[in-house]
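The block underneath contains the structure these notes are about, expressed in structure tokens.
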Amino acid sequence: MSKPHYDLEHHVKKATGIGDPQCFKGEAGKAKFKVGDKVKVRDISDLFYTRTPMYTRGLEATVVRLVYETPPAEDEAWDNTENVEWMYSVLFKQKDLWPEYSDTFSSDTLETEIPEHGLEPA
Amino acid sequence: MVKINPEKITLDEEMSKRNLDKSSVTLLEEVKTKGKVWRDLSKKWGVENPDPPWKITLEATCDVLSEVSCALPGVERRWEEDELTDEHYKDVPFPERQLLALAHSMIRRGLIDEDDLKRRMQEVDKRLNMVE
Amino acid sequence: MSKNHKAAPMVDEVSEFEILELAVRELAIEKGLFTQEDHNAWTDYMHTLSPIPAARLVAKAWLDPEYKKLCIEDGVKASLEVGIDWINQMPTKFGTPSDYCNLRVMADTPTLKHVVVCTLCSCYPRPILGQSPEWYRTPNYRRRLVRWPRQVLAEFGMQLSEEVEVRVVDSNQKTRYIVMPERPKGTEGWTEDQLTEIVTRDCLIGTALPKPGKTANDKRYVRPAVNPYGH
């Protein structure tokens, strides 16, 4: 394996005038999940940085949109933009997130984005 | 079946607990005590703008520290602001509170020095209050 | 000083806070953390920001179903029609960790009400909505909205029946969100300008509903979070 070369200006050059996350479009390959799929948020450990909310971990959700392609925040925090993956917008039932949530309002939901590596089939 | 986690907390709370020296900064305590906040000044002078003129330049400072120099990433600054507010600046209105927290974070991170800042404030004070 | 900020003093009295702000900035520049030019570029950019483009986007969508479709499909593209270029207006020309270039417009229906929060810090669609209000940044709002959305909305004066699904949107990754509320009754025949006026910042965050005659946000008391979890 060749030694990785980290060019700190790389991202700037790549994204200027195109946008972030637009500049990663087409790099993630085939998406593992599709709209309507039932998924579960993996409770994986991260080194110092993550953007996957703690309150969603281990819980089931439904994919509502494949939003964009990007390196996950856990990598970007270290300037690593090599592993581009799909970002999914997923929908949780509030009742699943917070067991004390009122039954009267059992149709209430919460939507947020989780990167592909943070999800597994439910 | 949903597994219940009674200890569930939000991410900002977990992350903000790291490595922050929350001890007070003498200089900033002085500013906090002596400083006149915009809420009072604007009332006194009958000015309607809800924000002090320096709010935009403060925001710009926060942005360039994060986006241009990466010296103080935005998300960390926000976490520290919340923690420091809780500890020292609860009773200070916004955006004065954001300014005190920013200066506090920068001093504790060694980006600026408290004594340097004190000297510079005296200089700026002279300059801004110069009678022309 | 940047060209848009020739601060003719609005208050003829220099406060310690004003002095501190300038001193911090000058020291940071001397230390080489950033340059005066960088700072000017951002200050100028900040001066251009306001919630009006987002309000106009919603008003246009109320009048034009095709445009509404575009808003839902591609918020960044739809923003161009209200004069906001998410990519090239930013001083960086690509977005930043706080302003990524992905906007989603969350359209309410009679049975679905969206409300936006960033539990992580206080991410906010600044390019189209301006600076976030103080309460949006507080731990109180950020921690409680995800868990007790109806209670928090009630504090904002919004009580919704059980027929309405409340959908909290947590802006934790690169997408930034605005809410497109339902067009209120009593606005039949209104122009785009008239409609734009009633789409306040709070309507666009999702904590208020548009109403004829109401063109300003409610004043809010900001409370600290006291034991907001674990019970």
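Hydrogens, waters and symmetry mates are skipped; everything else that's a heavy atom, side chains included, is used. Residue numbering restarts at 1 for every chain, and letters A, B, ... go by the order of the sequence lines.
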### Query
If we only count heavy atoms from C-beta on, is the A/Met87 to C/Gln173 side-chain gap below 4.5 Å?
yes
## Note on the structure
Note: C/Lys174 and A/Pro71 closest approach over all heavy atoms is NZ-CD, 4.4 Å
### Query
Can you check whether C/Thr175 reaches A/Ser89 side chain to side chain, under 4.5 Å on heavy atoms?
no
### Task
Flag the one option from A/Thr104, A/Ile114, A/Leu91 with the top tally of heavy-atom pairs under 4.5 Å to chain C.
A/Leu91
### Task
Kindly compute the distance separating NZ (A/Lys93) from CD (C/Glu165), expressed to the nearest 0.5 Å.
7.0 Å
### Task
Determine whether more than 12 heavy atoms belonging to other residues, nucleotides or ligands lie under 6.0 Å from atom NZ of C/Lys214.
yes
### Query
Would you say C/Arg167's side chain and A/Thr109's backbone share a donor-acceptor pair under 3.5 angstrom?
no
### Query
Is the cationic atom of C/Arg147 (NZ for Lys, CZ for Arg) positioned less than 6.0 Å from the six-membered ring centroid of A/Tyr55 and within 45 degrees of its normal?
no
### Heavy-atom neighbours of C/Ile72 CD1 exceed 12 at 6.0 Å
yes
#### Entry: Closest non-hydrogen atom pair between C/Asp170 and A/Pro53, with its separation
OD2-CG, 3.9 Å
#### Entry: Nearest heavy atoms of C/Ser161 and A/Phe105, plus distance in Å
C-CE2, 4.4 Å
### Summary
Distance col, row A/Gln22:CD vs C/Trp86:CH2, nearest 0.5 angstrom, shows 10.0 Å
### Query
Any Lys/Arg nitrogen of A/Glu113 or C/Arg104 sitting under 4.0 Å from an Asp/Glu carboxylate oxygen of the other?
no
### Message
With a 4.5 angstrom heavy-atom cut-off, is it the side chain or the backbone of C/Val76 that approaches chain A, or both, or neither?
### Response
side chain
### Message
Working to the nearest 0.5 angstrom, can you tell me the gap between C/Asn172 CG and A/Thr56 OG1?
### Response
8.0 Å
### Task
Using atom types as modelled and distance alone, determine if a side-chain donor or acceptor of A/Trp98 lies under 3.5 Å from a backbone N or O of C/Val146.
yes
#### Entry: Closest approach of A/Asp108 to C/Val164 (non-hydrogen atoms, all atoms of both residues)
OD1-O, 3.8 Å
### Query
If every non-hydrogen atom of A/Pro21 is compared with every non-hydrogen atom of C/Asn102, which pair is closest and at what distance?
CD-CB, 4.1 Å
